[in-house]
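This report refers to the structure that appears directly beneath it.
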Amino acid sequence: MSRDVNAKQTTPLLVFGSLGIVATLVCASAVTLTFVYGLHRKLVYRLALYQALGSLMHSVLLTLQLVFLNYGDGPLCQTVAYFYNSSHWFKLLALIWVTFHLFLYSVCYKNCKKLEIPLVIMLVILPFVLSAAPFANSTYGKTPLLWCWILPYNSSDPIGPGRLGMQLVSWLIPATALLLVATVLVSVTLSVLAVRICRELRGNKVVAIGPLKRALKQMCPLMSYPVAFVFLLAFPLTFAIVGDVYPKSSALLPLTYLTAISIPMWSISSGVTLIVAIFCYRCEKRKAAPPHRQEVAYGALCINPPVVQP
């Protein structure tokens with residue numbers, strides 16, 4: 001149990017945990033709104049809900065890291081690190097699933113609803129299996145940034161076989177590769193939808209354009225997941241590479257704070273994206289609903305039509 005940590009060391013963890021509280025509130029709001037508006041019955045929003053639930057778990061574990069401001073390494077820290085890493089994989093796999101579904105549905109006209117139950121089982125089991133790998137080299141513990149995760153190269157412990165770059169090998173590099181694939185799928189999906197809209201415009205098929213535009217508006221927030229994730233993952237990835245190759249580099253200090261901010265932003269961006277997608281859906285639904293009464297617009301005024309006496 002160590003209580004000799006100075007303020008300079010604790011500041012990144014305070015930022016990390018405090019943003020975790022914000023992320024918890026945002027993700028809880030997104031999950032609540034999904035159920036309030038009944039969107040959990042629609043497959044695409046249900047997939048986004050799985051992503052939000054993973055983000056909520058991730059946010060709670062971020063907040064729990066504040067416990068280790070005054071306490072050192074130990075079994076509790078290793079347990080939190082394991083579940084924290086599992087929440088990373090849960091979020092990533094759910095994100096890939098959402099992106100792949102939108103690609104199949106929009107480009108290939110296929111629905112993966114029949115695969116939902118097997119994929120849910122995969123989401124429940126696979127993250128915990130993948131997160132067990134660092135246990136092989138005892139690489140879970142309290143990192144130099146004071147939160148509990150995979151120990152980096154410049155840990156105070158001796159560097160054993162496979163310890164070098166364990167953060168990179170077991171999470172950062174595979175996550176970056178999968179997110180780049182997801183980004184390509186998003187680019188293809190948006191390009192195909194844009195081409196279809198242009199074709200309809202050239203053919204003057206105004207009626208057919210409406211559903212495409214509505215689909216594009218509803219899908220864009222959900223498709224921002226991988227793009228935002230790639231951007232935010234760049235900071236921890238850079239920090240891990242610089243820390244492994246140049247452990248005494250002056251760039252580590254700003255990268256420390258950028259890492260402490262960007263990791264909670266994974267969950268905050270997921271919650272905000274789902275909330276935006278929900279409100280986009282609600283707005284489009286209101287526009288598509290038939291009006292209760294006809295109104296005639298005169299300039300900036302909207303006047304009720306006159307009542308004709310029989």
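Just so it is clear, the model here is predicted, and its values are computed rather than measured. Hydrogens, waters and symmetry mates are skipped; everything else that's a heavy atom, side chains included, is used.
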Under 3.5 Å: donor-acceptor pair, side chain of Gln167, backbone of Ile150: yes

Value rounded to 0.5 Å, distance of CD1 in Ile173 from CG in Leu237: 7.0 Å

Minimum heavy-atom distance Val26-Val272, with the two atoms named: CG1-N, 3.7 Å

Would you say the side chain of Leu93 lies within less than 4.5 Å of the side chain of Pro127, judging by non-hydrogen atoms? yes

Do His40 and Thr34 have side-chain N/O donor and acceptor atoms under 3.5 Å apart? no

Distance from Leu43 atom CG to Leu49 atom CG, nearest 0.5 Å? 11.5 Å

Counting C-beta onward and ignoring hydrogens, is there a side-chain heavy-atom pair between Leu64 and Leu61 closer than 4.5 Å? yes

Of the non-hydrogen atoms in Leu14 and Leu66, which two are nearest, and what is the gap between them? CA-CD2, 4.1 Å

Taking C-beta and beyond as the side chain, do Glu116 and Arg46 meet within less than 4.5 Å on heavy atoms? yes

Testing the 3.5 Å rule here: is there a donor-acceptor pair between the side chains of Trp171 and Asn85? no

Check whether any side-chain N or O of Lys110 sits under 3.5 Å from a backbone N or O of His101 as a donor-acceptor pair, and report yes or no. no

Are Trp266 and Phe229 close enough, and set up right, to give a ring pair (Phe, Tyr, Trp, His ring centres under 6.0 Å), and what steps lead you there? CA-CA 6 Å; Trp266 298 347; Phe229 214 149; 5.1 Å; yes

Please check this pair: side chain of Tyr281 against backbone of Val276, looking for a donor-acceptor N/O pair closer than 3.5 Å. no

Of the non-hydrogen atoms in Ile263 and Pro236, which two are nearest, and what is the gap between them? CG1-CG, 3.9 Å

Between Ser87 (side chain only) and Tyr84 (backbone N and O only), is there a donor and an acceptor less than 3.5 Å apart? yes

Heavy-atom closest pair (Ala182 atom, Ile96 atom, distance to 0.1 Å) is CB-CD1, 3.7 Å

As an exercise, state the distance from OG of Ser170 to CZ of Phe135, rounded to the nearest 0.5 Å. 11.5 Å

Do the two ring centres, one from Tyr50 and one from Trp97, sit under 6.0 Å apart? yes

Has Gln51 got a side-chain atom pairing as donor or acceptor with Leu95's backbone, closer than 3.5 angstrom? yes

Leu252 side chain reached by Phe239 side chain, heavy atoms, under 4.5 Å: yes

Aromatic centroids of His58 and Trp89 separated by under 6.0 Å: no

Under the disulfide bond (SG atoms under 2.5 Å apart) test, residues paired with Cys27 that sit two or more places apart: none

Would you indicate whether the side-chain heavy atoms of Leu19 and Leu62 approach each other to under 4.5 Å? no

I'd like to know if the side chain of Gln65 and the backbone of Leu13 have a donor-acceptor N/O pair within less than 3.5 Å. no

Heavy-atom check, side chain of Tyr225 versus side chain of Leu274, under 4.5 Å: yes

When rounded to the nearest 0.5 angstrom, what distance separates OH in Tyr82 from OG in Ser131? 6.0 Å

Contacts of Val186 that satisfy side chain to side chain contact (heavy atoms under 4.5 Å, CB included) - sequence neighbours left out: Thr99, Leu190, Met223, Pro226

